[in-house]
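Chain naming here is simple, since letters A, B, ... match the order of the sequence lines and numbering starts at 1 in each. Hydrogens, waters and symmetry mates play no part in the numbers below; they use all other heavy atoms, side chains included.
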Amino acid sequence: METFQAILAKKLSDALAQARLPIAGELTPATDPRFGDYQTNAALVLGKQRDEKPRVLAEQIVALFNAGDVCEPPVVAGAGFINFALCPGAVAEKTMEVLRDERLGVAETKSARHIVIDFGSPNVAKPMHVGHVRSTVLGDALARIAEFLGHEVIRDNHIGDWGTQFGMVIYGWKNLLDRQALQRNPLAEIVRIYKETNERATSDPQVREACRQELVRLQAGDKESIDIWNECVAFSMQDFEHVYKLLDIHYDIQCGESFYHDRLPAVVERLLKSGIAETSEGAIVVFFRDNPELADKPLIIRKRDGGFNYATTDLATVDYRVNDLKADVIWYVVGAPQTLHFKQIFEIARREGYTADLRHIVFGSILGEDRKLMKTRSGENIPLRDLLEEACKRARKIVDEKNPHLSDYEKIDIAQTIGIGAVKYADLSQYRMTDYIFSWEKMLSLHGNTAPYLQNAYVRIRSIFRKAGESSPKVEKLILGDSAEINLAKRLCQFAEIVPQVLNDFRPNILANYLFELANSFHTFYEACPVLKSDEPTRSSRLSLCDLTGRVLQRGLELLGIKVPERM
RNA sequence: GCGCCCGUAGCUCAGCCGGAUAGAGCAACGGAUUUCUAAUCCGUAGGUCGGGUGUUCGAGUCACCCCGGGCGCGCCA
């Protein structure tokens, strides 16, 4: 099934061929309804290339354009734009096609890739906090969309389970652990001993040295150290799993840093052998002398003391993903501060001859109302678990107000769907690069571009079907009489154009924005066009539009990792 | 000091490869409802796109220079 955009683009290139003109410009949705439904700037681009008058070229193109029954004869406007207005009949037919299609018109990609997506990546012995929200939610949404488009996706949780911090954790475990506290709340106790050790180490060189010794023992495979480490990892994983369950997120593999531990020496040896790395001041370092941007920013892959660092791990990770997992694309959904680091890693991978497409998907921070990094009043990171539970609690309050008669069981479920959806949507509806200000009021508002607003549109549709006592009707032909009906139908046909766009530049906010506009179009339709009260065949036609709108909303939100309730 | 990112309505934000008179939501103001969930819709008002110079038929978008904010720059991850 082809989108209108694809059909018109094809017709345009046919017309250009007939006019003996090369393909130029682009065919995009109209910037304003006054210009019809689609527009092209082809004549403007060609005019510039060939030094001819754009409007004259546009007239030539229009004359040769075979509109068929898809659109009205195109119109030249402005400096040389060509505008296309769809025929209502074609819209009705296309909407029927979408209605009959499981995939709602979205084509599978013709070039399926093996994509490893690295997202989330929490640290062991530290609770997941707000800082992990964006990576986790964004990575999951990209994974869902890539999968839907037909790519083979491996979701990898690159857990921080092997850093320097373990020297401190193990020291704390041996010297400061409160067994009872550990039983009550394991992660909190592990965090406590880590923090306290960290403080002591800062002021006391002896403690620092002891921690270093613990780290050496762990890395040498000492049994007691490994046991403690295992226990800490297990406790942390429990916390992660709880959060992932709440968020409805899963991973295909969770190869943390420790997974690569015994591969690190080989990485360094290889790079030394190939001459990419060299010894400098006792450490093994990679220089990028011929790269102006990185010339003064070398990367250490083995410390003077013989220890490896995260750069080494990341290089081993590239190796594993490409050679063992057969990835030809790797997406790193990691915050902006690590931009330089990934430039260095990618550059080394390139020098080693890796051809996989490595992308650092950068994103901004979540800020508190004070415009600073979101923290608790005492300056601590806010545990993600608390944040999500707070979201559900607040959503519950709204459900209690709006729909008190629902059962308790139902309310819990609905509150979770709304609360978690709100947190995710607040993030995904924003361009990923901008820092955004976290606000409960805004994200849980029933007005505006929020998850609850979209969920409510879906709920209203479900309500119609409950009242009708029937499921989607069988119709042969849609009747698009009212302008609200035509607009809604056009909007529904655009879903297939929007979804693939998200991956152009990793912008789920494009999809979020589309869904918001769809919900708007639906509400306008809902106001203007009675469904159940109208006579056949209008009734069935409108019921079909409702059905399709519901399915697109549901699928679209699902691609963002957000669920819809049946009532709220 | 060098590098990267950001600066758009009172507030929160869209605006991908340069395209027509810069758009939403919230807040403000004015209308609509004995409802298919008003948890809504329709309308009004609100802007020298941080500032400047340049590139061209055309710049919020590209280049360069300033201003303001954030982040990063060999032995943490």
Heavy-atom pair of closest approach, residues C255(A) and Y320(A): SG-CE2, 4.2 Å
A28(B) to G3(B) separation - P atoms, rounded to the nearest Å: 46 Å
Length of the line joining Q344(A):CD and G3(B):C1', which is rounded to integer Å: 12 Å
Shortest non-hydrogen separation from Y458(A) to P565(A) and the atoms involved: CD2-O, 3.3 Å
Crowding at NZ, K490(A) (>12 non-hydrogen neighbours, <6.0 Å): yes
D51(A) atom CG, over 12 foreign heavy atoms within 6.0 Å: no
Interatomic distance at C1', C41(B) relative to U33(B), whole Å: 10 Å
Euclidean distance for C1', C64(B) against G15(B) (whole angstrom): 24 Å
Short side-chain donor-acceptor distance under 3.5 Å, N513(A) and Y431(A): no
Base-contact (B) and sugar-phosphate-only (S) positions in nucleotides 71-77 of chain B, heavy-atom cut-off under 4.0 Å, - elsewhere: SSSBBSB
Inter-nucleotide P distance (G30(B), U21(B)), Å rounded: 34 Å
G69(B) glycosidic torsion: syn (within 90° of 0) vs anti: anti
Atom C1', compared across G18(B) and C76(B): separation rounded to whole Å: 43 Å
For nucleotides 56-64 of chain B, tabulate all protein N/O to nucleotide N/O atom pairs closer than 3.5 Å, reporting atom names and distance.
| from | atom 1 | to | atom 2 | distance (Å) |
| --- | --- | --- | --- | --- |
| G58(B) | O6 | K48(A) | NZ | 2.9 |

Test salt bridge (Lys or Arg N to Asp or Glu O under 4.0 Å) applied to E441(A) - qualifying residues, sequence neighbours left out: R394(A)
Parallel, tilted or perpendicular: rings of F506(A) and W331(A) (30°, 60°): perpendicular
Nearest-Å distance for atom pair CD/C1', residues E293(A) and C2(B): 11 Å
Would you list the protein and nucleotides 6-11 of chain B atom pairs, both N or O, that sit under 3.5 Å from each other?
none

Separation of A20(B) P from D32(A) CG (nearest whole Å): 10 Å
Consecutive Watson-Crick or G-U pairs in runs of at least 3, all under 3.5 Å, in which RNA chain B is involved: B:1-7 with B:67-73, B:10-13 with B:23-26, B:28-32 with B:40-44, B:50-54 with B:62-66
Donor on one side chain, acceptor on other, H341(A) and Y310(A), under 3.5 Å: yes
Set of side-chain hydrogen bond (donor to acceptor under 3.5 Å, both in side chains) partners for S121(A), sequence neighbours left out: D118(A)
Sugar-phosphate, base or nothing in reach of A468(A), heavy atoms under 4.0 Å: nothing
Residues that E281(A) engages under side chain to side chain contact (heavy atoms under 4.5 Å, CB included), provided they are two or more places apart: none
Spacing of the C1' atoms in U61(B) and G50(B) (rounded, Å): 16 Å
Nearest-Å distance once atom P is located in both G1(B) and C66(B): 10 Å
Nearest heavy atoms of T40(A) and A42(A), plus distance in Å: OG1-N, 3.1 Å
Side chain to side chain contact (heavy atoms under 4.5 Å, CB included) involving K411(A) - partner list, sequence neighbours excluded: R396(A), V399(A), D400(A), L406(A)
Using nucleotides 39-45 of chain B, report all nitrogen or oxygen pairs with the protein that are shorter than 3.5 Å.
| from | atom 1 | to | atom 2 | distance (Å) |
| --- | --- | --- | --- | --- |
| A39(B) | O2' | N456(A) | OD1 | 2.5 |
| A39(B) | N6 | N403(A) | ND2 | 3.4 |
| A39(B) | N6 | M568(A) | O | 2.6 |
| A39(B) | N1 | M568(A) | O | 3.4 |
| U40(B) | OP1 | L446(A) | O | 2.6 |
| U40(B) | OP1 | H447(A) | ND1 | 3.4 |
| U40(B) | OP2 | H447(A) | ND1 | 2.4 |
| U40(B) | OP2 | H447(A) | NE2 | 3.4 |
| U40(B) | O2' | E527(A) | OE2 | 3.0 |
| C41(B) | OP1 | Y453(A) | OH | 2.8 |
| C42(B) | OP1 | T524(A) | OG1 | 3.2 |

N513(A) CG to A24(B) P, straight-line distance once rounded to whole Å: 11 Å
Interatomic distance where CZ belongs to R34(A) and P belongs to A20(B) [whole Å]: 11 Å
Atom-pair distance (CE on M443(A); C1' on G25(B)), nearest Å: 15 Å
No-H, no-angle donor-acceptor pair, E26(A) side chain to C17(B) base, under 3.5 Å: yes
Any side-chain donor near an acceptor of the partner, Q501(A) and E497(A), under 3.5 Å: no
Touch class at under 4.0 angstrom, heavy-atom based, for D51(A) against every strand present: nothing
Contact list for residues 159-171 of chain A, test side chain to side chain donor-acceptor pair (under 3.5 Å), sequence neighbours left out: D161(A)-S258(A)
Side-chain N or O of R507(A) closer than 4.0 Å to phosphate OP1/OP2 of A14(B): no
Distance test, side-chain N/O of Q501(A) to OP1/OP2 of C16(B), below 4.0 Å: no
For the student: nearest non-hydrogen atoms of P22(A) and Q49(A), plus distance: CG-OE1, 4.5 Å
Set of residues satisfying side chain to side chain contact (heavy atoms under 4.5 Å, CB included) with respect to D547(A), sequence neighbours excluded: L99(A), F465(A), S472(A), R551(A)
Set of side chain to side chain contact (heavy atoms under 4.5 Å, CB included) partners for Q344(A), sequence neighbours left out: F288(A), L294(A), K297(A), L299(A), L340(A)
Flag for D535(A)-T538(A): side-chain donor and acceptor within less than 3.5 Å: no
Any N/O donor-acceptor pair, N449(A) side-chain to G25(B) base, under 3.5 Å: no
Atom pair distance, as rounded to whole Å: CG in L27(A) and C1' in G19(B): 14 Å
First of F516(A) and R567(A) reached from the 5' end of RNA chain B, by closest nucleotide: F516(A)
Atom-pair distance (CD on Q5(A); C1' on C16(B)), nearest Å: 12 Å
A45(B) to G58(B) separation - C1' atoms, rounded to the nearest Å: 30 Å
Candidate nucleotides C4(B), C16(B), A20(B), ranked by approach to the side chain of T339(A) - the nearest: C4(B)
